[in-house]
Amino acid sequence: MSADFWAGYVSGAASIIIGNPLDLVKTRLQAGSDARSVDSTSTAAPHGNTFRGQFDRAGTLVRGATVPIITYGALNALLFVTYNRTLALLSSTAPPTPDPSYAKIWLAGATGGLASFVVSAPTELIKCRAQVSTAQNVTSWSIARDTWRREGIRGLYYGGGITSVRDAVGYGFYFWSYEWSKHALGSPDDTDRQAAMKVLLCGGFAGVVTWASIFPLDVVKTRVQTQVLHAAEPPARGEQNALLGPETQRRRLSSIEIARQAYRSEGAGVFFRGLGICSVRAFVVNAVQWAVYEWMMRFLQQP
């Protein structure tokens with residue numbers, strides 16, 4: 001495997017371990033007080049709107065982290081490999097320049113984000129459902145197993161459309177903001193310690209910019225993936241089929257329907273609920289992630 005694959009894998013796993021408690025708060029605030037498991041046999045109680053109220057017991061600190069720790073490493077590896085290969089391809093088709101343009105960096109990041117959707121869609125679905133549930137016996141593995149049994153592979157990719165858009169846009173700004181800030185703050189006279197501090201600062205800045213650019217999309221994605229089944233429209237007269245069970249009279253709302261419903265009931269502010277705690281988490285997590293990535297790349301590329 002290439003150096004950027006392993007550097008991405010290790011840095012991705014490290015970021016989940018560090019950021020999961022704050023990510024849990026962000027997810028619960030986004031989902032709203034009426035969020036419940038999509039499993040009709042296990043509904044979650046409403047969560048408090050305070051920071052402390054999100055942690056109902058000690059195990060909550062790692063709720064929903066098991067699957068992301070394993071899969072986010074793979075997601076991050078796929079992201080960085082695709083980004084680096086795409087950027088190299090885009091740069092090779094243009095006249096040689098000292099540095100690639102920021103437009104190419106954004107496009108390469110968006111391509112990497114789109115490729116990572118293969119892993120991120122099921123990972124996000126399992127993580128979010130685990131985080132909003134308060135049932136004692138719910139784990140990431142039980143949610144993945146139950147979703148697979150009920151709906152197969154299609155169920156694991158529910159909400160995949162909005163997840164792919166979120167990832168493409170978000171990672172475009174992620175790499176763009178990191179490279180821009182590195183260029184703005186970088187100096188050939190920096191000591192190793194100064195360079196390391198700037199990597200932390202640029203990584204944290206990139207994380208905040210990324211989440212600020214896609215937060216409304218992420219709110220809708222979270223609500224799409226954690227929604228309960230809704231009553232379907234009643235059939236037209238004469239079209240009722242007695243053989244259809246009650247489950248066929250239930251459906252999930254689309255991303256647009258979820259967005260409209262949230263706006264009508266809670267106003268425009270709902271699309272930015274949790275942005276503060278998310279920004280704190282994004283700065284810390286991405287500062288560490290970029291530092292680990294840069295260190296791993298130097299270590300693995302040593303002769």
Side-chain angles (χ1 to χ4, degrees), residues 9 12-32 34-45 47 54-57 59-79 113-167 170-171 211 214 217-229 252-253 255 258 274 278 281 285:
Y9 196 103
S15 70
I16 288 295
I17 295 173
I18 293 170
N20 191 73
L22 291 178
D23 184 64
L24 180 141
V25 177
K26 184 265 295 182
T27 300
R28 288 187 171 182
L29 290 174
Q30 287 179 333
D34 61 343
R36 290 172 288 174
S37 168
V38 295
D39 183 352
S40 60
T41 63
S42 172
T43 59
H47 303 289
Q54 307 302 324
F55 299 100
D56 44 354
R57 55 186 178 277
T60 302
L61 290 169
V62 293
R63 180 179 290 276
T66 307
V67 170
I69 286 173
I70 296 173
T71 59
Y72 197 76
L75 183 155
N76 222 46
L78 179 61
L79 170 68
L114 194 60
S116 70
F117 145 81
V118 176
V119 179
S120 68
T123 300
E124 284 286 312
L125 181 137
I126 294 167
K127 173 184 72 70
C128 289
R129 290 184 180 181
Q131 288 177 334
V132 301
S133 176
T134 58
Q136 293 284 343
N137 60 342
V138 169
T139 65
S140 296
W141 298 112
S142 67
I143 288 175
R145 182 193 64 234
D146 293 343
T147 302
W148 176 269
R149 286 176 178 174
R150 290 197 310 270
E151 305 172 73
I153 189 70
R154 182 178 180 181
L156 291 173
Y157 278 87
Y158 189 77
I162 192 168
T163 303
S164 64
V165 173
R166 182 204 67 162
D167 289 350
Y171 283 120
W211 280 103
I214 60 168
L217 284 173
D218 193 59
V219 171
V220 177
K221 177 208 70 71
T222 297
R223 294 195 172 207
V224 166
Q225 292 182 325
T226 60
Q227 66 181 303
V228 296
L229 294 174
R252 295 192 181 102
L253 302 181
S255 298
I258 286 286
C278 181
R281 173 191 174 275
V285 167

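Count residues from 1 along the sequence.
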Distance (rounded to the nearest 0.5 Å) between Q225 CD and I162 CD1: 9.0 Å

Closest approach of I143 to V138 (non-hydrogen atoms, all atoms of both residues): CD1-CG1, 3.5 Å

Closest non-hydrogen atom pair, E151 against R252: OE1-NH1, 2.9 Å

Polar side-chain atom of T123 near backbone of S120 as donor-acceptor pair, under 3.5 Å: no

Salt bridge (Lys or Arg N to Asp or Glu O under 4.0 Å) involving R166 - partner list, sequence neighbours excluded: E124, D218

With sequence neighbours excluded, residues passing ring pair (Phe, Tyr, Trp, His ring centres under 6.0 Å) with F117: Y157

Exercise: identify the closest heavy-atom pair between L156 and A144: CD2-O, 4.2 Å

Between CG on residue D146 and CH2 on residue W141, distance to nearest 0.5 Å: 13.5 Å

Exam field: side chain Q227 to backbone L253, donor-acceptor pair closer than 3.5 Å: yes

Heavy-atom pair of closest approach, residues V132 and A31: CG1-CB, 3.8 Å

Donor-acceptor contact below 3.5 Å, side chain S133 vs main chain A130: no

Heavy-atom pair with the smallest gap, counting every atom of L78 and A115: CD2-O, 3.3 Å

G12 backbone acceptor or donor facing S15 side chain under 3.5 Å: yes

N137 vs S142, side-chain contact (heavy atoms from CB on, under 4.5 Å): CA-CA, chis, key distance, verdict: CA-CA 8 Å; N137 60 342; S142 67; over 6 Å; no

Reported OG1-to-CG distance for the pair T222 and L125, which is rounded to 0.5 angstrom: 10.5 Å

Which atom of S255 lies closest to which atom of V220, heavy atoms considered: O-CG1, 3.5 Å

Point-to-point distance, once rounded to the nearest 0.5 Å, from OG of S116 to CG of L75: 4.5 Å

Test side-chain contact (heavy atoms from CB on, under 4.5 Å) applied to I214 and V165, step by step: CA-CA 9 Å; I214 60 168; V165 173; over 6 Å; no

